[in-house]
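Working notes, structure below.
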Amino acid sequence: MTYETVSENKCFGGTQGVYSHTSQELGCDMKFAVFTPPQAESEPRPVVFWLSGLTCTEENFTVKAGAQRMAAELGLVIVAPDTSPRGDDVPDDADSYDFGKGAGFYVDATREPWSKNYRMYSYVTGELPALIFKHFPARADRQGIMGHSMGGHGALTIALKNPDTYASVSAFSPIVAPSEVPWGQKALSRYLGDDTEAWADYDATRLILAGCRHPSKILIDQGTADNFLEEQLRPELFVDACENGGQHFDLRMQPGYDHSYFFIATFIEDHLRHHAALLDG
């Protein structure tokens with residue numbers, strides 16, 4: 001439960017830091033970013049965990065999303081972990097951008113050789129929050145979670161399975177039905193095996209169909225010019241499940257926006273306000 005400081009910079013009256021620690025869950029050293037707002041100097045503040053997408057690290061959101069100004073205004077701590085285990089001893093598929101390092105898919109792998117290190121679900125929901133709440137001014141009773149693409153998949157599945165922990169959830173262009181799309185089928189089959197029933201626990205649409213619900217309204221933004229929309233993201237599957245199951249949601253199809261961080265930066269204020277409203281108190 002110790003960590004080292006990689007960098008810290010003053011930002012909108014708060015501090016944007018990058019830190020590293022040795023993860024027991026993942027069996028390697030990991031980096032994570034934390035924005036601490038100025039209000040945290042006097043009291044612990046609500047925290048939102050951001051989960052990034054394929055090929056990303058903790059740096060992408062920290063540098064590109066432009067979240068710090070609004071997080072400082074709203075008094076939100078934002079934690080952005082890496083997307084997968086790292087290091088020379090961690091198994092990888094060097095020929096695939098969508099599997100292995102940079103593509104942990106926020107699951108606890110059960111197949112060798114991935115099961116030793118690829119335990120991102122337990123890392124994100126257990127080990128990392130424990131470190132954050134011990135060392136940073138974040139409130140364990142006021143947690144939200146959000147993410148992009150593969151990270152949107154992670155945010156949705158984690159919130160649906162842990163509604164008492166995460167009071168708010170949102171996503172940008174999430175992979176809502178990984179069991180039905182190439183990205184998800186490749187990752188889940190190799191991390192979890194060929195039994196598709198084992199995939200259901202990491203599939204937001206299937207979780208809704210199985211009866212999981214989140215008490216808050218789920219906010220999702222999706223660009224209409226996203227080149228992954230029809231093959232990999234398929235938000236209509238999640239919409240159908242939510243409408244039939246009574247899960248409150250707000251899917252906003254944003255005309256002309258793509259899959260990039262320009263899209264995320266455009267609407268990040270809306271998402272942070274969504275979280276702040278639900279985490280206030």
Side-chain angles (χ1 to χ4, degrees), residues 1-12 14-38 40-41 44-68 71-72 76-94 97 99-109 113-140 143-151 154-155 158 191 261 264:
M1 298 295 286
T2 61
Y3 70 95
E4 296 182 358
T5 300
V6 177
S7 65
E8 287 186 333
N9 298 93
K10 192 78 171 179
C11 186
F12 292 102
T15 301
Q16 178 62 65
V18 177
Y19 310 93
S20 66
H21 76 119
T22 299
S23 168
Q24 299 303 311
E25 284 286 0
L26 305 179
C28 63
D29 292 338
M30 293 291 286
K31 288 182 180 180
F32 61 95
V34 181
F35 175 74
T36 306
E41 293 182 4
R45 299 298 303 171
V47 57
V48 180
F49 290 85
W50 168 271
L51 305 183
S52 290
L54 288 165
T55 75
C56 292
T57 69
E58 78 290 336
E59 183 177 25
N60 296 75
F61 178 81
T62 304
V63 173
K64 296 180 179 181
Q68 292 91 344
L76 293 174
V77 175
I78 301 182
V79 178
D82 201 345
T83 55
S84 66
R86 303 285 177 174
D88 293 340
D89 295 330
V90 174
D92 189 23
D93 182 347
Y97 78 93
F99 187 80
K101 294 178 186 179
F105 261 83
Y106 306 100
V107 306
D108 282 350
W114 318 106
S115 56
K116 179 181 178 181
N117 302 101
Y118 285 79
R119 297 182 50 80
M120 286 300 296
Y121 176 84
S122 289
Y123 177 72
V124 166
T125 61
E127 184 179 16
L128 181 61
L131 186 151
I132 295 297
F133 298 131
K134 181 176 181 180
H135 295 289
F136 295 85
R139 292 182 59 175
Q143 297 183 59
I145 192 164
M146 61 179 176
H148 170 233
S149 194
M150 177 185 72
I158 287 171
Y191 288 135
Y261 266 85
I264 295 169

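Residue indices begin at 1 and follow the sequence shown. Everything numeric here is computed off the predicted structure, so don't read it as measured data.
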* To do: Report the C-alpha separation of R86 and T57 in whole Å, then their side-chain angles, then the decisive distance to 0.1 Å, and conclude whether the side-chain contact (heavy atoms from CB on, under 4.5 Å) test is met.
  => CA-CA 10 Å; R86 303 285 177 174; T57 69; 3.5 Å; yes
Quick one, [X] and [Y] - any side-chain contact, counting heavy atoms below 4.5 Å?
X    : Y    : result
L54  : T83  : no
F61  : L51  : no
I264 : K64  : no
I132 : F32  : yes
Y19  : F136 : yes
D29  : S20  : no

* To do: May I ask you to check whether H148 and Y261 place their ring centers less than 6.0 Å from one another?
  =>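 For H148 and Y261, the ring centres are under 6.0 Å apart.
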* Are F99 and F105 near enough that their ring centres are under 6.0 Å apart? -> no
* Keeping the roles fixed (side chain from T15, backbone from G17), state whether a donor-acceptor pair exists under 3.5 Å. => no
* Asked: With distance as the sole test, does D92 use its side chain to make a donor-acceptor pair with the main-chain N or O of K101 at under 3.5 Å?
  ->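 Yes.
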Can you name the nearest heavy-atom pair linking [X] to [Y], along with the distance?
X    : Y    : result
L128 : P81  : CD2-CB, 3.5 Å
S84  : G102 : OG-N, 2.5 Å
T62  : A33  : OG1-CB, 3.3 Å
A109 : S115 : O-CB, 3.3 Å
P37  : A72  : CB-CA, 4.1 Å

* To do: Would you sort out whether Y106 and V124 count as a side-chain contact (heavy atoms from CB on, under 4.5 Å), showing the intermediate values?
  => CA-CA 8 Å; Y106 306 100; V124 166; 4.0 Å; yes
Rounded distance (nearest 0.5 Å) linking atom [atom1] of [X] with atom [atom2] of [Y]:
X    : Y   : atom1 : atom2 : answer
M120 : D82 : CE    : CG    : 6.5 Å
S7   : Q16 : OG    : CD    : 8.0 Å
K10  : Q68 : NZ    : CD    : 13.5 Å
R45  : I78 : CZ    : CD1   : 12.5 Å
N117 : D89 : CG    : CG    : 8.5 Å

* Mark yes when over 12 heavy atoms from residues, nucleotides or ligands other than E8 sit less than 6.0 Å from its CD; otherwise mark no. =>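 Result for CD/E8: enclosed.
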* **Within residues 118-132 or reaching into it, pairs that qualify as side-chain hydrogen bond (donor to acceptor under 3.5 Å, both in side chains) - sequence neighbours excluded** =>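 Listed by first then second residue: H21-Y123, S23-E127, E25-R119, D108-S122, R119-S122, Y121-N162.
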* To do: Test Q143 against F133 for side-chain contact (heavy atoms from CB on, under 4.5 Å), laying out the working first.
  => CA-CA 11 Å; Q143 297 183 59; F133 298 131; 3.5 Å; yes
